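Below you'll find the structure, written out as structure tokens, and then a few comments.
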Amino acid sequence: MTVEAAPTEAERIWQVVARIPRGRVCSYGLVAELAGLPRRARLVGRVLSRLPEGSRLPWHRVINARGELSLPAGSEGGRLQRQRLEEEGVCFIHGRVPLTRFGWRGGP
DNA sequence: GATATGACCGCAA
DNA sequence: TTTGCGGCCATAT
């Protein structure tokens, strides 16, 4: 029997993050839920913070539930995240991304 | 083994 | 709107 190791939680999270469409953002909790790991948002944050360099994962599309970037602004990561999101056309309002549970309603 | 910390979340007041 | 609290759990000390 081929003992195929079940995908680790981290691998599931990577798969979900990799599925986030360009120009769209996702909250940690939503990523966790989509990965079949409800209420483990912190795990998502931990996994993303421990990503190997060059993983090509769009980690910058994952922000917190308030629509703000969790990485400290001013840090390299935070600046990179903001820059990449703006490059993808993500809408920033007062330094935030408008998140709604009912999807984007057509902003400004 | 126990304690502290962290790229968090949802709810109540 | 903000603040506080409980929940969650892998790592580090």
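When reading the values below, keep in mind they use all heavy atoms of this one structure, side chains included, and skip hydrogens, waters and symmetry mates. Here the structure is a predicted model, which means the values were calculated and not measured. Just so it is clear: chains get the letters A, B, ... in the order the sequence lines come, proteins before strands, and each one is counted from 1.
- What separates CG of A/Leu34 from P of B/dC8 is a distance of 18 Å, to the nearest Å.
- Protein atom CG of A/Leu99 is 10 Å distant from nucleotide atom P of B/dG10, rounded to whole Å.
- Residues A/Leu71 and A/Leu30 fall within the same hydrophobic cluster, defined by Ile, Leu, Val, Met, Phe, Trp and Tyr side chains chained together at heavy-atom separations under 4.5 Å.
- Between B/dG10, C/dT3, B/dC8, one nucleotide has an atom nearer to the side chain of A/Arg66 than all others, and that is C/dT3.
- Taking atom P in both C/dG6 and B/dA7, the straight-line distance is 22 Å, to the nearest Å.
- Summarising the geometry, the separation between CZ on A/Arg82 and C1' on B/dA7 is reported as 17 Å, rounded to the nearest angstrom.
- The pair A/Arg40-A/Glu33 does not count as a salt bridge, with every side-chain nitrogen at least 4.0 angstrom from each carboxylate oxygen.
- Look at A/Arg39 and you won't find any side-chain N or O under 4.0 angstrom from OP1 or OP2 of C/dG7.
- Using a 4.0 Å cut-off between charged side-chain N and carboxylate O, A/Glu88 and A/Arg24 make no salt bridge.
- Between A/Pro98 and A/Ile93, the closest heavy-atom pair is CG-CD1, 4.2 Å.
- Nearest-nucleotide assignment on DNA chain C puts the 5′-proximal partner with A/Ala41, out of A/Arg46 and A/Ala41.
- Distance A/Arg40 CZ to C/dA10 P: 7 Å, rounded to the nearest Å.
- Rounding to whole angstrom units, CG of residue A/Leu69 and C1' of B/dG6 are separated by 17 Å.
- Residue A/Arg96 places its side chain closer to C/dT2 than to any other of B/dC8, C/dT2, C/dA10.
- Rounded to whole angstrom, the span from the CD1 atom of A/Ile13 across to the P atom of C/dA10 amounts to 11 Å.
- In this structure, A/Arg42 is not positioned above the aromatic face of A/Tyr28 in the sense of NZ or CZ being under 6.0 Å from the six-membered ring centre and within 45° of the axis.
- At the heavy-atom level, A/Arg50 lies under 4.0 Å from the strands shown only through sugar-phosphate atoms.
- Remark: C1' of C/dC9 and OH of A/Tyr28 are 16 Å apart, rounded to the nearest angstrom.
- Side-chain proximity of A/Arg42 to the nucleotides B/dC9, B/dG6, C/dT3 is greatest for B/dG6.
- Rounded to whole Å, atom P of B/dC8 lies 17 Å from atom CG of A/Leu37.
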